[in-house]
**Q** 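Here it is, the structure, as structure tokens.
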Protein chains: 2
Amino acid sequence: MDINVRQPRSFVAVAKLGSFTQAAAALHVSQPTLSVQIRRLEESLGLWLFDRNPRSVALTRMGRELLPALERTLQDLESLLSDARDVASERRGVVRIAALPSFAAGILPDVIGGFRGQNPGASFALKDVIASRVLALIRSEEVDLGLTGGDVSFPDIETIFAARDEMSVVYPESHPIGTQRRITACVLAKYPLVMMDQGTSVRAVTDLAFNRAGLLPAPASEATYMMTAIGMVRAGIGLTILPTSAREIFAEPSLRSRKISDNNFARPVALIKKAHRTLPPLSRLFAEFLQANRRGLFAGNRP
Amino acid sequence: MDINVRQPRSFVAVAKLGSFTQAAAALHVSQPTLSVQIRRLEESLGLWLFDRNPRSVALTRMGRELLPALERTLQDLESLLSDARDVASERRGVVRIAALPSFAAGILPDVIGGFRGQNPGASFALKDVIASRVLALIRSEEVDLGLTGGDVSFPDIETIFAARDEMSVVYPESHPIGTQRRITACVLAKYPLVMMDQGTSVRAVTDLAFNRAGLLPAPASEATYMMTAIGMVRAGIGLTILPTSAREIFAEPSLRSRKISDNNFARPVALIKKAHRTLPPLSRLFAEFLQANRRGLFAGNRP
DNA sequence: TTATATCCATAGAGTTTCTCTATCGCTGCC
DNA sequence: GGCAGCGATAGAGAAACTCTATGGATATAA
């Protein structure tokens, strides 16, 4: 009563080759095996699929009508399983990841490019969203991985690794700050500053860092997007302070940047996933890839 | 490495019910059986389909992506097999039959109607063609059964049963032949006759029968189709001689018919199939039905 | 016509796979 | 902290599968 996948497969092979012996050779089984399998299938269906003469094998009309549909369905099934095996073996797959816009525009494109160089079958679905959306997307399992700032500690979220994203000051190439030996909060406070808007994680970090240094520099200007702040620096409005990981964004011929020598000018970074959930193989591989390269991507690491 | 149909079925059940225990109950197997099957499937694919916590079972993303396609393919397969079982159990099917036009228009519609009364799932593909086409259609397996005249004896054609199709004379109700006690060749030859065209099997039989009686009546008129001959009879041109099996065709209020009491006025009839070929279940059933009713359909039988 | 070769069916043995019962380990709840 | 519920595991018995060896039937060739 129960059908095995091998039975339809044998049926299709015998029907196409018109011979039990040839089909047996093609499927790398013995001829009696095929005889038995086809008989089982016929018994299970309750009808004859072949008319056997010692000199020829011919499909009955029932067999002829069953063949094309069965073959198509069988191919569907096998391609499904084959696709799944491709996914399993990291040959193919979609990595779904949500990241803060600075990471999405800054380090991730290069990282993804490097990863795809080693894994050509990988494709990416990258969402650039604010931190709270990263968490929501992880929770709803719309993405597998999240790259976000801040300290993440929830029971349903697992941190794969954490790092520190140290900050750099961006300035025009002729700016006098370029001559300073070390960049500290005090040095920065001497110059007009273009600051990120209130509510961004970058602003929260810089405000806290200046505060700890007992300073309260007033912004010469504010910007919502990093590109805007950089434009203002280029226009000579002031310096700006951005995460080093966004260096791809502020790499311009007329601008320079230097890391700030103050541990407070750094934000925590974490690669996260949903707790107790298995990552798709390529997503797991990409997480490992990120972790292996984290020293080059972020300035520092945390325990 | 090899996939059983039961494994995807189990996967779909667990995914839909969200529980191994409930799925086991739904499939009428024990819970460990399901655990093992899903594990086998996961091993075969090389990836995890479920994240198991003692309190909940959740699909991984791979499982979630595999589920809809796998379920559809599985349903395709099962409906295919279920259809095949319907055909096998004579619940459903197409009976393909080729018949001479006289049978196709005469007896077959009623027989088919009676058969469908008992087998509502039967549908018919009925081809009305000349005798040589009947053989060709049987040989090419475009039809399963053939109802034809003449003696059929070829090695690749099998006669299911043979009968004699006795002939009747058709005349207007007031015609003097109606008063004859017995209709013989001599009686027929006294009246003007509308004969079927040369080349039809009916003409061949009547010519031979008259010839054996030492008669050679000249046709008052000739017709290719039975309906034409009947029209001529209605118009008073003459009598006509037609197979009794075509009685449905010449059953008109103004006409009468009587069987001819001469064994020569009969043509052999045979229900045939291709030799060494299995009939579809419903076609076999219909052949048996025809054979069981052959006394009522044809006037006589042959050994 | 007879001999032969080819092809599918069958039988029996050995192996693998499957399914069951019994039981364990873990988590969440009262 | 004990209890209930759920899935995993182990081991035994049963079923299914595949193999080799062989039989029966037919078309080809001598």
Side-chain angles (χ1 to χ4, degrees), chain A residues 1-45 47-60 63 81 154-156 158 274-278, chain B residues 1-45 47-60 63 81 154-156 158 274-278:
Chain A
M1 197 60 190
D2 204 50
I3 297 285
N4 201 316
V5 173
R6 246 163 301 124
Q7 288 168 14
R9 195 151 33 203
S10 303
F11 165 63
V12 170
V14 173
K16 302 222 118 190
L17 295 173
S19 152
F20 280 65
T21 306
Q22 287 182 44
L27 297 177
H28 304 108
V29 294
S30 70
Q31 168 265 314
T33 299
L34 270 191
S35 287
V36 171
Q37 278 176 347
I38 300 259
R39 187 159 49 80
R40 292 271 157 79
L41 180 59
E42 287 176 329
E43 282 169 3
S44 161
L45 296 178
L47 46 74
W48 297 106
L49 298 171
F50 293 106
D51 282 314
R52 288 97 152 155
N53 301 42
R55 222 52 197 178
S56 73
V57 173
L59 281 169
T60 62
L81 300 179
F154 300 100
D156 59 337
E158 176 186 333
K274 188 159 186 181
H276 314 302
R277 286 287 179 275
T278 305
Chain B
M1 197 61 188
D2 204 51
I3 297 286
N4 200 314
V5 173
R6 247 163 301 122
Q7 289 168 11
R9 193 150 37 202
S10 303
F11 166 63
V12 171
V14 173
K16 300 224 114 184
L17 295 173
S19 154
F20 280 65
T21 306
Q22 286 182 44
L27 297 177
H28 305 107
V29 295
S30 69
Q31 169 265 315
T33 298
L34 270 191
S35 288
V36 171
Q37 278 176 349
I38 301 260
R39 185 158 51 79
R40 292 273 157 77
L41 180 60
E42 287 175 328
E43 283 170 2
S44 161
L45 295 179
L47 45 73
W48 296 106
L49 298 171
F50 292 106
D51 282 314
R52 289 99 152 153
N53 302 40
R55 222 54 195 178
S56 72
V57 173
L59 280 169
T60 62
L81 301 179
F154 299 101
D156 59 337
E158 176 186 332
K274 189 161 186 181
H276 314 302
R277 286 290 180 271
T278 305

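Order of the sequence lines sets the chain letters (A, B, ...), proteins ahead of strands, with each chain counted from 1.
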**Q** Over how many whole Å does the gap from A:Arg52 atom CZ to C:dT10 atom C1' extend?
**A** 13 Å
**Q** Taking only the side-chain nitrogens and oxygens of A:Ser35, find out if one of them lies under 4.0 Å from OP1 or OP2 of C:dA9.
**A** yes
**Q** With sequence neighbours excluded, what pairs up with B:Val57 under the side chain to side chain contact (heavy atoms under 4.5 Å, CB included) test?
**A** B:Val14, B:Phe20, B:Phe50
**Q** Can you measure A:Leu34 atom CG to C:dT10 atom P for me and round it to whole angstrom units?
**A** 14 Å
**Q** Does anything in residues 15-23 of chain B come within less than 4.0 Å of DNA chain C? Heavy atoms only, and list the residues if so.
**A** none
**Q** Take the C1' atoms of the five end pairs on each side of the helix from C:dT1-D:dA30 to C:dC30-D:dG1, derive the two axes, and give their angle rounded to 10 degrees.
**A** 20°
**Q** Residues in side chain to side chain donor-acceptor pair (under 3.5 Å) with B:Asn53, at least two apart?
**A** none
**Q** Mind checking the OG-CD1 spacing from A:Ser10 to A:Ile38? Nearest 0.5 Å is all I need.
**A** 5.5 Å
**Q** Tell me, please, which residues at least two apart from A:Gln7 pass side chain to side chain donor-acceptor pair (under 3.5 Å).
**A** none
**Q** Pairs under 3.5 angstrom, nitrogen or oxygen only, protein versus nucleotides 23-28 of chain C, please.
**A**
none

**Q** Need two values: the first and the last nucleotide of DNA chain D, 5' to 3', having an atom under 4.0 Å from any heavy-atom of chain A.
**A** D:dC17 to D:dA27
**Q** Is any side-chain nitrogen or oxygen of A:Arg39 closer than 4.0 Å to OP1 or OP2 of C:dC8?
**A** no
**Q** With sequence neighbours left out, what residues match B:Gln22 under side chain to side chain donor-acceptor pair (under 3.5 Å)?
**A** none
**Q** In this structure, how many angstroms lie between the P atom of C:dT17 and the CD1 atom of B:Ile3, rounded?
**A** 13 Å
**Q** Can you tell me if the side-chain N/O atoms of B:Arg6 get under 4.0 Å from OP1 or OP2 in C:dC18?
**A** no
**Q** Grab the two heavy atoms, one from B:Ile3 and one from B:Ser44, that are nearest each other, plus how far apart they are.
**A** CD1-OG, 3.2 Å
**Q** Which whole-number value in Å describes the distance from B:Leu27 CG to C:dC18 C1'?
**A** 15 Å
**Q** Measure from CD1 on B:Ile38 to P on C:dC18 and round the result to the nearest Å.
**A** 13 Å
**Q** To the nearest Å, how far apart are B:Glu43 CD and C:dC18 P?
**A** 11 Å
**Q** Applying side chain to side chain contact (heavy atoms under 4.5 Å, CB included), can you list everything that pairs with B:Thr21, at least two apart in sequence or on another chain?
**A** B:Ser19, B:Gln31
**Q** How long is the span from the CG atom in A:Leu59 to the OG1 atom in B:Thr278, to the nearest 0.5 Å?
**A** 11.0 Å
**Q** Quick check against the 3.5 Å criterion: does A:Glu42 have a side-chain atom that pairs as donor or acceptor with the backbone of A:Trp48?
**A** no
**Q** If a pair satisfies salt bridge (Lys or Arg N to Asp or Glu O under 4.0 Å) and one of its residues is in residues 7-18 of chain A, list it, with sequence neighbours excluded.
**A** A:Arg9-A:Glu78, A:Arg9-B:Asp2, A:Lys16-A:Glu71
**Q** Considering residues at least two apart in sequence or located in another chain, which fulfil the side chain to side chain contact (heavy atoms under 4.5 Å, CB included) criterion with A:Val36?
**A** A:Arg39, A:Arg40
**Q** Go through A:Asp51 and A:Thr60 one step at a time and tell me if the side chain to side chain donor-acceptor pair (under 3.5 Å) criterion holds.
**A** CA-CA 6 Å; A:Asp51 282 314; A:Thr60 62; 5.7 Å; no
**Q** Tell me the interatomic distance from B:Leu41, atom CG, to C:dT17, atom P, rounded to whole angstroms.
**A** 15 Å
**Q** Below 4.5 Å, heavy atoms only, C-beta onward: do B:Val5 and A:Asn4 meet side chain to side chain?
**A** no
**Q** So, using side chain to side chain contact (heavy atoms under 4.5 Å, CB included) as the criterion, who are the partners of A:Thr33 when residues are at least two apart?
**A** A:Val29, A:Ser30, A:Gln37
